[in-house]
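Report on the structure given below.
First the proteins, then the strands, lettered A, B, ... as listed; each starts at 1. Quantities reported herein were computed from a predicted structural model and do not represent experimental measurements.
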Amino acid sequence: MTQPILELKDVKKSFGSNHVLRGVNIDVSPGQSLVILGGSGSGKSVMLKNALGLMTPDSGKIFFDGDDVTHEQGKEREAMRARMGMLFQSGALFDSLPVWENVAFRLLNAEKMKRAEAKERAIDTLKKVRLGASIADLYPAELSGGMQKRVALARAIITKPELIFFDEPTTGLDPITADAINDLIIEQVKALGAASISITHDMASARKIADEIAMLFEGEIIWRGPADIIDNSGNDYVDQFVHGRAEGPIQPAI
Amino acid sequence: MSDASTSKSGGIPNPLAWIGRAALSLFAEVGRLGIYAGQVIGAALTPPWNLAQLWKQMIAIGFYSLPVVGLSAVFIGAALALNIYTGGNRFGAEQFVPNIVVLGITRELGATITGLMLAGRVTAGIAAEIGAMKVTEQIDALKTLSANPFRYLYAPRFLAACLTLPMLVLVADIIGVMGGWLVSVFALDFDSTTYIRNTMDFLTMDDVLVGLIKAVVFGAVIAIMGCYQGSKSKAGATGVGRAATLSMVGAAVLVLAANYMMSTLFVNIGL
């Protein structure tokens, strides 16, 4: 078996008496697309933030490309982040910067690239997500939700990362735009040969972009398997989630 | 830790426990703010500096505060002159108006008024902006793109405030003294030439310096309070609004407290 690009081993994280992650074990191999399903409050976002190093786990270990990065800071952390991309749920574009500076942010700031060259790279990358050069000088607030997601995708892929995280990439989009974003994600992740971890509760999106699907419930991974057997998982929790039923072992979070 | 103290007395809060809890959380907050301030100052005083962001913030914090600082100063100077005239009149000391106006403005009111006005305009603005960035995950996005928020966001605001506040105070000094002159000459029948000569004779470099040193400290307070409250803002419109309010109130109180402490210090060392 090849060495996983990212591996979480028994990761636990609590906020006061709220045990959000109760021992998460998950790994993703290079080039693999893993989708993690989970309802509201299942700990998806916290898991992602731990994997990205935005939070430090209370216990457990995180390995990136074989190295223990659980407590890494400074240069080592930056070296890891340079090989990762992240698409935030809300896009998280910087309001104060025009679109192209958002896309080229890492090139301009961390890599000190010349502005003209960085802009050229940004416009090339925008083309990959089907956005024209004409929007490069607009500000994020002037774009529609779908366009913002595409700009955020361009920002995540511009440095050709080996691992890309997608936090609910289709949330808040209409079904047609959502499908277009799914297509772009598949196309761009394939083109880079990158691994991807997507967290979502959108089944249409999960079916489309996943090689493998895992389910996070109450802070633990309770099921994992190939995407094509998701309808016959043999797991009541997964079954309830996949079919979106209010009745079953999972209590609706209302 | 909080439940035990209330449940023993059957739901009625124990006042001692309440005071203890409030004191503990105050100390914890002061500690957190102190650590945060240390990190901001550390990032501000060591290279690399983000000069593009620094310039942007100097314009936002300094240049765009000119109207509010100028207007506040002219009114404060005018009111000061009027009060000193009325007070001095009672024992025939109204000729000291220009001297006391220039002393009061340069040592005290120019800096304090600028600090208070910017605690409103700038601190709340910074807190709201950083708070909105926090709740829309933009601060997390910065980190994932290898930009340190302390270097990219907080240090430029801190430096810009510390550098532009003295300039604004200098402007406030000049306009404040002018406010006093306006009232004295046009309402109180002072002779313009004598008033200006008395002002210039009484003005010392030390008095101006006192105001400028205060301004640097106020700048630090204003920027740090805004960044601190913004960066721990809770989600939603209420969270960001609360961060803006807390930062503004905190900065205003700290500006006045720091002003008193520095005034005491300067008087004691004879500056």
### Message
With a 4.5 Å cut-off on side-chain heavy atoms, are Thr144(B) and Phe165(A) touching?
### Response
no
### Summary
Residue from Ser146(B), Pro48(B), Ala147(B) scoring the most non-hydrogen pairs under 4.5 Å with chain A is Ser146(B)
### Query
Checking heavy atoms, do the side chain of Asn50(B), its backbone, both or neither come under 4.5 Å from chain A?
side chain
### Message
I need the contact set between residues 95-131 of chain A and chain B: heavy-atom distance under 4.5 Å, sorted by residue number.
### Response
Asp95(A), Ser96(A), Leu97(A), Phe105(A), Arg106(A), Asn109(A), Ala110(A)
### Query
Is the shortest heavy-atom distance from the side chain of Phe94(A) to the side chain of Met133(B) under 4.5 Å?
yes
### Task
Tell me, for Ile139(B) versus chain A, whether the close heavy atoms (under 4.5 Å) come from the side chain, the backbone, both or neither.
neither
### Message
Ignoring hydrogens, what is the shortest heavy-atom contact between Glu137(B) and Asp167(A)? Give both atom names and the distance.
### Response
OE2-OD2, 4.0 Å
### Summary
Highest number of heavy-atom pairs under 4.5 Å with chain B among Met84(A), Glu78(A), Gln89(A) belongs to Glu78(A)
### Message
Are Lys143(B) and Arg81(A) packed together at the side-chain level, in the sense that at least one heavy-atom pair is separated by less than 4.5 angstrom?
### Response
yes
### Task
Could you name each residue pair satisfying salt bridge (charged side-chain N to carboxylate O under 4.0 Å, His left out) that touches residues 109-133 of chain B, not counting sequence neighbours?
Glu129(B)-Arg157(B)
### Query
Of all of Leu52(A), Thr159(A), Leu54(A), which one pairs up most often with chain B through heavy atoms under 4.5 Å apart?
Leu54(A)
#### Entry: Within 6.0 Å of CZ in Phe15(A), more than 12 heavy atoms from elsewhere
yes
